[in-house]
Structures are given as C-alpha cells and as structure tokens.
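So that the names make sense, note that chain A is the first sequence line, chain B the second, and so on, each numbered from 1. Just so it is clear, the structure is predicted and the values come from calculations on it, not from any experiment. Scope of the values below: all heavy atoms of this structure, side chains included, with no hydrogens, waters or symmetry mates.
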Amino acid sequence: MPETIRVTLPDGSSRDVAPGTSAREIAEEIGPRLAKAAVAARVSGEVWDLNRPINEDITLEILTDGDPAALDVLRHSAAHVLATAVRELYPEAKIGFGPAIQDGFYYDFEVPRPFTPDDLEAIAAKMREVVRADYRFEREEVDREVARGRFEDDPLKLERLDEFADDETISLYTDGPFIDLCRGPHLPSTGRLKHFKLLHAAGAYWRGDSRRQMLQRIYGTAWFKSADLEAYLHRLEEAERRDHRVIGKRLDLFSIQDEVGPGLILWHPRGAVIQFELRRFIEDEILKRGYQLVYTPHVTREALFVRSGHLPIYAEHQFPPMAAGEGESEEVRYRTKPMNCPMHTLIYASQQRSYRDLPIRLAEIATVYRNELSGTLHGLLRVRGLTMDDAHIFCREDQIEDEIYDILDLSDLVLRTFGFEYRLDVATRPEKKIGDDATWEVAEQALMRALDRRNLTYGIDHGGGAFYGPKIDIQLKDAIGREWQGATIQLDYQLPERFGLEYTGADNRPHRPIIIHRAIYGTLERFVGCLIEHFAGAFPLWLSPEQVRFLPITEQQNATARALRQRFREAGVRAEVDERSETLNYRVRDGELMKVPYMVVIGQREVQDGTVAVRVRGAGKKQEIVPADTFLERVTGEIASRALVPYGSA
RNA sequence: GCCACCGUAGCUCAGUGGUAGAGCUCUCGAUUCGUAAUCGAGUGGUCCGCGGUUCGAAUCCGCGCGGUGGCUCCA
C-alpha cells in the first residue's frame, strides 16, 4: 500500500492523505462548516458514505444537503430507519427491499397481518426514537457465508444473496439493532434524519411478480429542510385539490356509474363540450396537414385480430368474443376493437397504391375497448372505453423523417396551446426485435434527424422500443410540475408485413410501406382528465363548457339578458342566463364555483346604455363596463385565438 | 386479477346492536336584490347487494358488486 494517496477536489486542488482516510476527515480538514453540512461523498463519480475509508487516488466531492444525490442518500437511510422501527415493534417481520424513490422511500415487509393507519403512527413514533438514539450507519463487507449467517431468519434476503456473483462485493449496513443487506451509501448516523413522514401502506408483490407472495409496503417521504417537507405535503394537497374526479363531479363534467360499468365514461353536456372542442381543434389541424378522416366499426370479426397478430398477445386486454350469426366457428366470432390499426390497414390495402400516393395519412378519433384489470381503473386516467385521436401514416422509408417532423410540429402546436411543457424520449431497438439492424438504424436515425431539425432535445431510452419498431414518447409537464404520458409516435414494420401491404415503386416493382402510428392527445379521456387537473377546472375560454353567464339584477332585465344570450349564441359563444330568483351574491358565487370565465351583470343602467358589466373569473369585484358589442368582439376573438388567459390580462 | 381500506339522501358527511340524521342541492311560497350563500316550508333513504348470527342489524360475520391507495400493465 502506498504511503499516501492523492485526493483531487472539485476546484482542481489536491491533497495527499494517508490511506484509510475517510471523506469526513478530509471535509473536517477543509472546514468545520463543510464537515457539518456533509451528507455523503462522491468518490470518483460514485456516491460513498462519509465514513468509508479511501485507499487509492480519487477525485472527491463532498455532498451537502443541496445536492440531489444527497436526497437519495437521506431517503434510503430513512427506509432503513423505518425498517429498524418495524423490526423493534414487530420482531417477526421479514424484510424485503427498501429503496429511495421519487420524492421519498418505501420498505417492503412480510408480516402476518397488514399495517393499519394506527400501526403507521406507532412506527413513526418508534422511528423518532431511532433518530434520537443517533445510531451510526456502519458499513461492513463480508463474504457470502458470513452474510448468510446474518440473515438466517430472513428468507427474502437469503434469496437475494443467492443472486450475487462470486466476485461481487457483499456489503451490510448496521444502524443500532438493525442490519440490512445493502449497497449503500447512507447518512453518517440516524440522527441526521429530521423531516420525514410516513404516508401510507399498500400491498406489493415480492419482486413485483404477481405469482409471488404479497408483502406490505410502507411509503414515506423525507427532506433535509422542514420547509421542503411542508412544501411537498402542500404539493400533495394541491394535487388532491385538483383531483379530476372531484372537479369532474363538482363541475358536472362526467360520471362513471355502476349500471354502465367501471371504466366506462358518461360524458355530461359540460364535459362533452370539452371533448367536442378537442376534436374540432385536432381535426382542423390535421386536415390542413393532409390527413384524411375515416370511420371504422367498433366490432369486427375476431379473425382480423388473429391476422394482425394482436389477439395472441393482447387477448387478456380484450373483451371476450361474442357470437354473431349461426355457429361457433372463428369466422362468426366478433370482438370489440382494442385498436384501429388493422382496419386502417385494410383501407390502405383496398386498392393498388403507387409510390406517388404516399404518404397516405388516415385519421380517426375512435373509441376502442380494452378490458383493463379492475384494480388499475382510475377516473378518466385509466378506463376501459378509450377514445384515441388515432392516425396511421403509410409511407416510404425516405419519407419517415419528414412525417416525424410534421408530427412533432403538430404535437408542439397542440401542447403549447394548453400551456404544457414537455420532454421527449426516443426508444431504440430492444433485444427481441424483428427486422435487421440496418433497417433499425435507418429508422432510428430518421427519428433523431427529425428531432434535431426541430432543435428539440431528447433523451434516449436504449432498448425501450417495441419489437416492431422504434418510437418517440412525449411526457407532458402540468401546471404543478407533474409528468403525464402524452403523445406517442411509433414506427411499425410488422403490420405491413402481416397484411402484405404494398405499393408500386418508380421501378414498377412492389415495395413494402412503413406504418407510423401516432396519437397526439393519446386518449381524450386521459387528456381531459389531465386538463382538468392542469387548469384545476378553470378552463381557458375556448374550452369552457359555459363561456359567458348573464346575470340580470332583477326580473326587469331578464328580456335584455335573453336577447344578449341569443346574440352571443349566434356568434358561436356558449352563453347562459341565470335568472333564478336568488340574490346577485348567490348567483355570482355559483358562477365562480362553476368556473364560468365571464359573468356579465345586467342592471337598469346597462339596459339603458347598451353596455355590459363584465366580471372576470377569479378577479373578484373588479368589473369593467363596456358596450355589449365590444365585449362580444373580444370574447369571439379570445375564443378564436384559443387564448390561455382572458383578454386584458396578458 | 392480488393486498389493504372504504360504501348511509343528488353532493359532503354524522350515526357502533334498540323508531335513520345534518348542511348543501332540489321543489314550493315569500323576496327583486349592483358582484362569493335572502327567509320560510317541503320532497328526498332497499343505510351497495345477497345470505347468516340475534328477540332485534346501517352497526357483528360470510360471499358478491363498486370505489380508493398500491402491486402489475399500459395510453
């Protein structure tokens, strides 16, 4: 072992220390403030415990609580503290895995009885004791036999141990009474965990495998600063406040009823308006871009899905077959469609195509049915009857790039209209795939060139493509920073093969086209659900179910209000009159709660002057008195431009 | 589908073995009002369903249906 080892710091300086020195000791040398703030260390790129001895030349970065990697360390340690507490309270509990996750951590336990909310409180109290005891996290590297000895009574850990390669380092971490098989790193001691909260318990299969036993998982969150914990809990509340299921009920947008069935949406008039506007928007845009609309049946012969290759893979997500006509043969069994592509493919195949005809872009906003597992259904976000804004583009290989470019342009236009930011990922060839590498290379390059031409940055999901082609996924970011699965653009070499699609090339020989599947909204159900939460029910004017509500002050103004309503309706504005025999205050409150963008008060003065007194949603008392014509002009302008904010507030 | 929790009026919810309740909504009457709840009266229930225990079940038990949070899968 060398006399000294060289440690290079982020500022480029270096110092020589004795082998076995820990990052903590180096931090102390640099300064007491740094040593106190230190959480962990990045040693030659890898995150280490502060206490772990360093034995070779390295680069060293001391991680303080400002570093995102430090949060992971904190949360991972919080998971161990949780397990420590559970083991103290329930010595018979078997431990599973307990990692840090986005915003928090969890730990899985095998226990004879699930945890109740009261149990969680007791566990949290015990955790605070563990924190007060300030146990050091001790790392230890051992061989397999020693490790097996330590986990004699923990079958789940033993199972994991068996998977270690012979040359793999097996490390154990101890904090007070608790020992765990763990790669680390951890906080220096349990006392560093200050701001945490256990959130809920849930069942989780051992190793995510539904054939294995179910463990009990406890979720929690942890932060370095009390303010961060508060902010996070507030964010959870905010998300709850925006829950589309609650807002959907309150604003009378949709319902899901037992008599119809789970996952099947009844769109009430106010919700149907939103869908109608979304359809109108996308259909206008795609017609400008050379798409053609088609309509296809909801039910088809089962044999179609056999030919398309969907049935063997997809059957468990499809509703069972129904018999139409006589007999039981495959020829007369029908299925509701879980997707539209086979039928669009048949439209393509219905005549001979020339290379000059391509690309052919077939679009259909169609409801398809998928028999999703009951436990996965969730409001509008996961349903069984889903309406896709679907399109299939049949094109030549040399057209892929331009088509992708145009789809990216379309999705950018659409998403920005709603004020969404987004990020993109390209999913490349997986292990199991059809087609040769050369073809994949061409396809992947075309996707990336199109993205580059639009100056978009994107991540690459290596091996994340479907077996039949690469794809681009778009993740939306909503008003409170949550991500949603948005558009997908999927290249498909498989379906043209299965249906023997062809076009005649300039060489007068048959060629095989490529299919691009693409949906911009994804599904209208999910997209509307996302919009409800994004806008917290306060839709921009063009999407608002009711755009203008006239409030006559007394019955004397009812006739004027009705006449205005008619004029506005004829100009394409969704206008109503609230002439209920209630106080103005009452009706204003109702309009605000229903998130009507404009309330227009009509009193004696307005009737006389031909004006309206406009109250803007959310703006309180402040009103503006303008001629009725001026207001109508502004409203129609705001609708036509699909503005995100009311006029005058931009 | 699996695990846990939950299911009472249109909505939000109280009611833990002894005659089903509140607020809002809705209907009717009065009120005619200038920017977030006017007053009064009334309607409204298979306490999710079926079975069991009990003299007696919204309440306890079993099964089913549905919802919620997860697991899994996906858009």
Q: Round to the nearest Å and state the distance from A/R589 atom CZ to B/A37 atom P.
A: 6 Å

Q. Which is it for A/R416 and A/D412 under the salt bridge (Lys or Arg N to Asp or Glu O under 4.0 Å) test, yes or no, and what are the steps along the way?
A. CA-CA 6 Å; A/R416 277 190 303 114; A/D412 182 70; 2.8 Å; yes

Q: Would you please test A/R361 and A/D406 for salt bridge (Lys or Arg N to Asp or Glu O under 4.0 Å) and show each step?
A: CA-CA 12 Å; A/R361 308 180 187 93; A/D406 185 66; 5.3 Å; no

Q: Please report, rounded to the nearest Å, how far the C1' atom of B/G1 is from the CD atom of A/Q318.
A: 18 Å

(Q) Return the pairing partner of B/G23 with a 3.5 Å limit on both distances, Watson-Crick or G-U wobble; otherwise return none. (A) B/C11

Q. Paired with B/G1 by Watson-Crick or G-U wobble geometry, both distances under 3.5 Å: which nucleotide is it?
A. B/C71

Q) Can you find an N or O donor on one side and an acceptor on the other, under 3.5 Å apart, linking the side chain of A/Y106 with the base of B/G70? A) no

Q: Could you measure between the two C1' atoms, the one in B/C50 and the one in B/A58, and give it in whole Å?
A: 16 Å

Q: Report the C-alpha distance between A/R207 and A/E159 in whole Å, list the side-chain angles of each, state the deciding distance to 0.1 Å, and finish with yes or no for salt bridge (Lys or Arg N to Asp or Glu O under 4.0 Å).
A: CA-CA 11 Å; A/R207 316 209 79 165; A/E159 180 180 331; 3.7 Å; yes

(Q) In whole Å, measure the gap between the C1' atoms of B/C73 and B/G10 for me. (A) 35 Å

Q: Name the nucleic acid region contacted by A/G603, choosing base, sugar-phosphate or nothing; use a 4.0 angstrom heavy-atom cut-off, strictly under.
A: base

Q. Given that both distances must come in under 3.5 Å, which nucleotide forms a Watson-Crick or G-U wobble pair with B/G45?
A. none

Q.
So A/E624, base contact, sugar-phosphate only, or nothing? Heavy-atom distance under 4.0 Å.
A. nothing

Q. If only atom types and distance count, is the side chain of A/E533 paired as donor or acceptor with the main-chain N or O of A/H244 below 3.5 Å?
A. yes

**Q.** Base partner of B/A37, which must satisfy Watson-Crick or wobble distances under 3.5 Å
**A.** none

(Q) Below 30° counts as parallel, above 60° as perpendicular, anything between as tilted: where do the rings of A/F418 and A/Y521 land? (A) perpendicular

(Q) Per the side-chain hydrogen bond (donor to acceptor under 3.5 Å, both in side chains) rule, what does the pair list look like for residues 271-281 of chain A, sequence neighbours excluded? (A) A/Q275-A/R279, A/E277-A/R280, A/E277-A/R574

Q: Give the nucleotide from the list B/C71, B/G34, B/U72 with an atom nearest to the side chain of A/Y205.
A: B/C71

Q. Reckon A/G591 touches a base, only the sugar-phosphate, or nothing at all at heavy-atom distances under 4.0 Å?
A. nothing

Q: Under 4.0 Å between any heavy atoms, over every strand shown, what does A/K622 touch: base, sugar-phosphate, or nothing? Just pick one.
A: nothing

Q: Look at all strands and tell whether A/R605 reaches a base, only sugar-phosphate, or nothing, counting heavy atoms closer than 4.0 Å.
A: base

Q) In the structure shown, which nucleotide is the Watson-Crick or G-U wobble counterpart of B/U31, with both distances under 3.5 Å? A) none

Q) Which value, in whole Å, describes the distance between the P atoms of nucleotides B/C13 and B/G69? A) 14 Å

Q. Paired with B/G66 by Watson-Crick or G-U wobble geometry, both distances under 3.5 Å: which nucleotide is it?
A. B/C6

Q) For A/E163, does the CD atom sit with more than 12 other heavy atoms under 6.0 Å from it, leaving out its own atoms? A) yes

**Q.** Any A/Y586 side-chain nitrogen or oxygen under 4.0 Å from OP1 or OP2 of B/U25
**A.** yes

Q. Between A/L593 and A/L381, which is nearer to the 5' end of RNA chain B once each is assigned its nearest nucleotide?
A. A/L593

Q. Between A/R518 (CZ) and B/A75 (P), how many Å, whole number?
A. 15 Å

Q: Examine the base of B/A75 for any acceptor or donor lying under 3.5 Å from a partner atom in the side chain of A/Q490, and report the outcome as yes or no.
A: no

Q: Go ahead and name the base partner of B/G17; Watson-Crick or wobble counts if both distances stay under 3.5 Å, otherwise write none.
A: none

Q. Base, sugar-phosphate alone, or nothing: which one does A/R245 contact when heavy atoms must sit under 4.0 Å apart?
A. sugar-phosphate

Q | Nearest-nucleotide pick for A/P262, side chain only, options being B/G67, B/C71, B/G34 | A | B/G67

Q. If the P atom of B/C48 is compared with that of B/U43, how far apart are they to the nearest Å?
A. 23 Å

Q.
In whole Å, I'd like the distance from the CG atom of A/D473 to the C1' atom of B/C74.
A. 11 Å

**Q.** Spacing between A/Q216 atom CD and B/G69 atom P, to the nearest angstrom
**A.** 17 Å

Q: Name the orientation class of the two ring planes belonging to A/F631 and A/Y598 (parallel below 30°, tilted from 30 to 60°, perpendicular beyond 60°).
A: perpendicular

Q) Under 4.0 Å: is that the gap between some side-chain N or O of A/K249 and OP1 or OP2 of B/U12? A) yes

Q.
One character per nucleotide, please: for nucleotides 28-33 of chain B, 5' to 3', B when the base has a protein heavy atom closer than 4.0 Å, S when only the sugar-phosphate does, - otherwise.
A. --BBBB

Q. Expressed in angstrom and rounded to an integer, what is the separation of A/L377 atom CG from B/G70 atom C1'?
A. 14 Å

Q.
Using whole Å, what does the distance between atom P of nucleotide B/A37 and atom CD of A/E592 come to?
A. 11 Å

Q.
Measuring only the P atom in each nucleotide, how far is B/U25 from B/G64? A whole number of Å is fine.
A. 41 Å

Q) Taking atom P of B/C11 as reference, at what distance in whole Å does atom CG of A/D243 sit? A) 16 Å

Q) Can you tell me the Watson-Crick or wobble partner of B/C60, both distances under 3.5 angstrom? A) B/G52

Q. Do A/F105 and A/Y107 have ring centres separated by under 6.0 Å?
A. no

Q. Counting any heavy atom closer than 4.0 Å, what does A/A519 reach on the DNA or RNA strands: base, sugar-phosphate only, or nothing?
A. nothing

Q.
Can you see if the side chain of A/H378 gets near the phosphate of B/G69 - specifically, an N or O under 4.0 Å from OP1 or OP2?
A. yes

Q. Do A/T387 and A/E525 have side-chain atoms, one donor and one acceptor, less than 3.5 Å apart?
A. yes

Q: Please determine, for the side chain of A/R382, which listed nucleotide (B/C74, B/U72, B/A36) has the closest atom?
A: B/C74

(Q) If I pick the P atom on B/A57 and the same atom on B/G17, what distance separates them, to the nearest angstrom? (A) 14 Å

(Q) I want to know whether A/Y106 and A/Y219 have ring centres closer than 6.0 Å. (A) yes

Q: Using the P atoms only, state how far B/C11 lies from B/U19, rounded to an integer number of Å.
A: 26 Å

**Q.** Distance between C1' atoms of B/U59 and B/G15 (Å, rounded)
**A.** 9 Å

Q. How would you label the contact of A/R615 with the nucleic acid (heavy atoms, under 4.0 Å): base, sugar-phosphate, or nothing?
A. base

Q) At under 4.0 Å between heavy atoms, what does A/E525 touch on the DNA or RNA strands: base, sugar-phosphate, or nothing? A) nothing

Q.
Side chain of A/E606, heavy atoms from C-beta onward: which of B/U72, B/G34, B/A75 has the nearest atom to it?
A. B/G34

